[in-house]
Amino acid sequence: METINALTPVLTLLIPLLGVVPIALASKRYPNFREACTFLVGGALLVSVASMLIPLSKGYMPTYELVEILPDLPIAFRVDPMGLLFALVASSLWILTTLFSIGYMRGRGQKSQTRFYCFFSLSLFATIGVAFSANLLTLYLFYEALSLATLPLVMHDQNEESKIAGRTYLTNLIGTSLLFLLPAMIFIYFQSGTLTFNPAGMINPETPTAVQTVLLLLLCYGFAKAALMPFHTWLPAAMVAPTPVSALLHAVAVVKVGVFSVIRVITEVFGLDMLESLTVDSFSGAAIISWIAAITLFVSSLMAFGQDKLKRVLAFSTIGQLAYIVLAVSVLAPKALTAAIVHIAFHAFGKITLFFCAGAFYVGTHVKTISGLAGVWRLMPITTMAFVIGAFSVIGLPPTAGFLSKWLLVLGLIAEEHPVLLIVVLSSSLLKAGYFFPIIFTFIFKKPSESLELGDSTLWPCVLPLAITALLSIGFFFYSDPFMWLAEEAVAFITRSK
Amino acid sequence: MIVKKNLFKKVIGMAIFQTATIFFYIGTSFKKGATIPILEHHAEGHGDHHIADHAATAIESTLYANPLPHVLMLTAIVVGVATLGVALVLIERIYETYGSNEEDEILRKLNH
Amino acid sequence: MESQLPIFVILVPLFTAFAACLLGIAHPKFTLPTVIGGLFMLVFATLGTLLKVLESGTLRYGLGNWPRPVGIEFVVDELNAMLLFLIAIAALFGTVHSIPVVRRDLDEQQVPFYTLLMLLITGLLGMTITGDIFNIYVMIEITALSTYALVALAGGRAYMAAFQYIIIGSIGAGFYLLGVGFIYIKTGSLNIAHLHTILPSLYDSTAILVGFGLILTGLFIKMAMFPLHGWLPNAYSTSLGPVSSIAAPLATKVMLYVMLRIMISVFDPHFTFEILGISTFLVTLSAVAIVAGGVYALAQTDIKRMLTYIIIAEIGYMVGGIWLGNHSGMVGAVFHIINDVLAMLCLFMVVSSIEFKTGGQSRWHLKRLFAKMPFTMTAFCIGCFTLIGIPPTSGFVSKWYLITGGIEAGQFAFPAALIAASLINAILVFRMIEISHCHMERAMTPESLEDIEMDEAPLVMVVPTLIVASLLLVVGLSSQTIINRLILPIIPL
């Protein structure tokens with residue numbers, strides 16, 4: 001792919017950043033206008049992101065160098081297929097989330113809604129920034145910005161519980177990035193004089209392999225948003241946030257930024273070739289990451305058992321799914337890589353459906369626990385159906401999009417002959433089924449308790465988006481060409497040096 | 001002066017330190033057999049031609065003490081006096097506020 | 001006119017001080033406009049000087065047309081031109097910001113306050129602009145004397161703090177003077193450029209070594225280098241908001257500049273880094289300073305006191321960076337001077353605003369301030385993020401250079417301390433953000449939270465704070481321009 005100099009990435013980024021201004025100005029005095037602004041900003045962002053499909057389909061990647069803040073180290077943007085795929089998912093789901101937020105926030109009579117919408121917009125700004133980063137420094141900049149922009153959202157309730165959650169959130173995210181990521185980044189820059197992403201890798205090949213392995217670990221743990229164990233605790237903690245936040249940020253934007261960054265580290269900081277040759281005592285560096293991911297995948301699935309809070313189950317499931325993506329990448333095979341990249345998209349649609357459902361249940365019945373929601377099917381049939389579809393997608397059952405990516409991964413693992421990893425993946429799918437099916441059973445077949453009744457909140461703004469995402473999850477099973485095309489382009493770009 | 005608890009003694013210590021520095025400078029300007037640094041054009045018993053002679057030769061610098069340190073110290077003395085003044089005023093204020101000039105007593109009152 | 005620019009940098013604030021005093025005696029209400037007008041002129045003069053230096057290189061101005069090295073000379077190169085401009089804008093914003101507090105607390109003493117303030121600024125500018133090491137001493141004392149008096153203006157505890165400051169400050173200045181004496185005896189010159197040519201032949205002289213050591217000790221005391229920092233927390237935390245928000249960011253940093261001057265312009269890097277052989281010791285000491293400052297800061301509940309300890313840690317960054325003796329370290333340290341002046345100015349102004357509105361400056365006074373003072377708190381956050389070093393604030397850039405410098409020099413304690421400091425600052429900052437964001441009383445219902453109305457500080461406080469905060473971002477984003485145009489030309493490595 002050729003690169004062309006174009007201002008579009010910067011303009012795209014400006015949309016959610018400047019969008020904060022009208023949202024803040026409208027404030028709580030004009031709530032309708034405020035939400036209309038959010039929709040407008042979201043729509044503009046989606047159109048702007050989608051418009052970049054055109055140059056990509058012609059084989060050009062728009063790039064732009066904004067300003068050089070360190071020698072040979074500018075804040076620079078590059079729209080590559082993987083980044084665009086991620087940006088598309090995030091920006092399209094934002095619009096649906098906004099609709100859902102209106103239902104949720106008003107339905108729950110939440111306070112400080114203006115702040116909520118403002119920081120939501122800022123979070124999107126940071127997410128898209130990560131997606132379009134052309135070097136590690138820019139990525140780091142937006143990564144930190146995202147941690148900071150989501151903090152007020154996590155601590156939205158401003159009470160003791162959210163305070164503690166905020167602390168966990170920060171110590172895990174900012175702590176790791178300062179302690180692991182920053183030194184690793186400076187070291188790489190010091191060694192090789194560049195941080196620009198490059199499928200051939202940016203690490204100086206003369207660096208001793210032991211040091212390289214340490215760097216790999218520092219970078220993978222430095223991006224703690226990928227929630228590799230033991231730095232996963234922030235994600236369940238972040239569930240105190242209002243559900244729209246959990247839905248878009250902690251199922252899509254924030255966590256996917258984490259795995260997205262890890263993919264970047266593996267494919268464009270180290271490069272597939274270099275990682276393949278990186279072995280210490282006949283144990284390959286990438287294999288360490290695979291094993292960490294496999295353990296995370298397995299343990300998180302186990303931890304999801306026995307949780308009664310619906311959102312916590314979803315959080316542990318997310319940790320598992322993230323580990324799954326990291327695992328797929330660390331196999332270093334093109335097929336598994338494609339699986340990892342499309343899974344970013346497909347898991348997003350499935351998981352956001354589940355979170356929307358959890359939120360809709362909460363708005364409708366004021367119940368957060370699984371046991372309390374027994375028999376909710378009779379009260380909220382559409383939502384429950386959507387929940388079933390979302391769960392299917394997350395487990396990886398047909399006819400949902402989640403099946404496709406899992407299928408690809410299994411194929412990749414078979415092709416690369418990783419029998420143990422294959423068993424871990426398959427058994428964790430079983431485990432997932434093991435904790436999702438009882439939930440579905442409880443929702444549909446158990447007798448509802450007497451206290452469970454529908455409140456008088458308007459539900460349609462909550463139900464509509466979740467119905468759409470559920471339908472999309474099924475739809476992508478039958479028609480997934482755009483995603484597959486982008487993922488294959490991304491893999492082709494990454495492996496072109498092979 | 002660090003160990004003394006009495007504020008006045010601290011100030012005295014500070015003044016001694018400053019004065020010592022001033023003496024140090026003045027000492028450097030001293031030269032054996034030199035006189036005050038004022039050019040002597042009209043020594044007694046010399047005629048006009050002598051003056052012309054004198055002007056033609058360079059000024060014999062070993063004959064005069066170095067004037068510059070004195071000038072510098074003039075500034076330092078002024079600074080020292082000003083510092084001393086501010087310090088004394090502050091001691092007075094501290095005494096008005098806390099009724100004491102002993103550091104440990106004041107600190108005890110401060111922590112109350 | 002243009003060639004006279006350097007002298008205006010000193011004359012403007014000096015005459016403003018006198019004018020403020022005299023007009024103030026006629027009627028107190030003349031003082032403030034005089035001072036603000038003077039500061040605006042000063043900003044233009046320093047900006048003019050800066051542009052002139054950028055255009056035509058180093059400016060030399062012989063006072064009273066005495067030839068060098070006999071007369072006192074002003075020398076402006078890229079480094080101090082930038083610092084002069086920084087001092088001028090810090091003074092302007094700090095003074096504008098101080099108006100409401102001064103009106104509230106110092107109504108009777110407006111005239112002496114502004115006069116002393118202008119003298120303080122004159123001293124700082126003089127120290128920066130002069131090309132004569134004895135002149136630096138005089139300026140140090142002018143600065144110090146006005147600061148003693150300004151600190152004492154707060155009354156109560158501040159008397160004691162000011163007294164301690166006088167004693168320690170005079171010792172520091174005394175050491176400096178003594179050191180200058182040693183160098184003068186050996187060389188017979190006080191002019192920096194002249195000394196630079198004479199000294200290399202005397203590098204093996206013990207007297208020169210002692211002189212350098214005394215000067216360095218004196219400057220360390222004056223810049224509050226750990227463990228000689230004892231005076232600083234008391235002096236700045238007990239003084240009034242306006243005093244600390246101007247003195248705290250500038251005074252220590254200007255001392256640092258003087259140290260740099262002595263190291264590279266009076267002596268040369270060959271002497272300071274190779275002959276002396278104290279770099280390793282000083283860099284390690286700086287690392288200790290950084291960590292110690294951070295740990296002390298963690299123990300404070302008073303925000304201003306906490307900031308003073310952070311200053312001590314930041315001094316460690318810069319001293320360490322300079323003494324690393326390599327390119328990256330020195331660029332980082334000099335860039336950090338700019339960054340730190342602005343960050344501290346921003347934060348001290350914020351604390352002063354908070355004190356003005358809530359009547360206190362402990363951590364607990366931050367409660368619910370995000371709702372009450374959103375603009376001030378935005379500036380606060382930007383300032384704090386600079387301390388942590390989150391991009392794209394300027395703090396990130398300087399930290400990057402300093403860490404790279406540390407790795408280059410193989411002194412790993414220093415980068416480790418820098419990263420530790422980032423973490424400590426992160427804890428400090430988020431502890432405060434948490435307090436200002438969450439409400440602690442469980443009894444608070446969501447409804448009563450909505451009732452909190454915006455209660456922002458007056459416009460004269462908010463606007464300068466926001467400008468300085470945005471400068472932090474601007475400086476961070478344009479760091480390459482600043483480094484290439486202003487810092488690289490003067491770095492001898």
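A note on names: the letters A, B, ... follow the listed sequences, proteins ahead of strands, and every chain is numbered from 1.
- Residue contact with chain C, scored on non-hydrogen atoms closer than 4.5 Å, involves the side chain of A/Leu182 exclusively.
- Heavy atoms closer than 4.5 Å to chain C are found in the side chain of A/Glu144, but not in its backbone.
- Residues of residues 390-402 of chain C lying under 4.5 angstrom from chain A, judged on non-hydrogen atoms, are C/Ile390, C/Pro391, C/Pro392, C/Phe396, C/Val397, C/Trp400, C/Tyr401 by number.
- If you measure heavy-atom distances from A/Tyr189 to chain C, the contacts under 4.5 Å come from the side chain alone.
- When heavy atoms are compared at a cutoff of 4.5 Å, C/Leu477 approaches chain A by way of both its backbone and its side chain.
- With a 4.5 Å cut-off on non-hydrogen atoms, A/Pro71 touches chain C through its backbone and its side chain both.
- Interface check for chain A: of the options C/Ile427, C/Leu423, C/Ile388, C/Thr481, the most heavy-atom pairs under 4.5 Å are formed by C/Leu423.
- Around CZ of A/Phe190, the count of heavy atoms belonging to other residues, nucleotides or ligands within 6.0 Å exceeds 12.
- Across all their heavy atoms, A/Pro183 and C/Ile419 have their closest contact at CG-CD1, 3.3 Å.
- For A/Ile186, the parts lying under 4.5 angstrom from a heavy atom of chain C are both the backbone and the side chain.
- Comparing A/Leu148, A/Leu151, A/Ile174, A/Ile75 by heavy-atom pairs within less than 4.5 Å of chain C, the highest count is held by A/Leu148.
- For A/Glu68 against C/Ser479, the heavy-atom pair with the smallest separation is O-OG, 4.5 Å.
- Interatomic distance, CD1 of C/Ile433 versus CG of A/Leu170, reported as 8.5 Å (0.5 Å rounding).
- Within 6.0 Å of atom OH in C/Tyr296, 12 or fewer heavy atoms from other residues, nucleotides or ligands are found, so the atom counts as exposed in its surroundings.
- Residue A/Leu137 touches chain C through its side chain alone, counting heavy-atom pairs closer than 4.5 Å.
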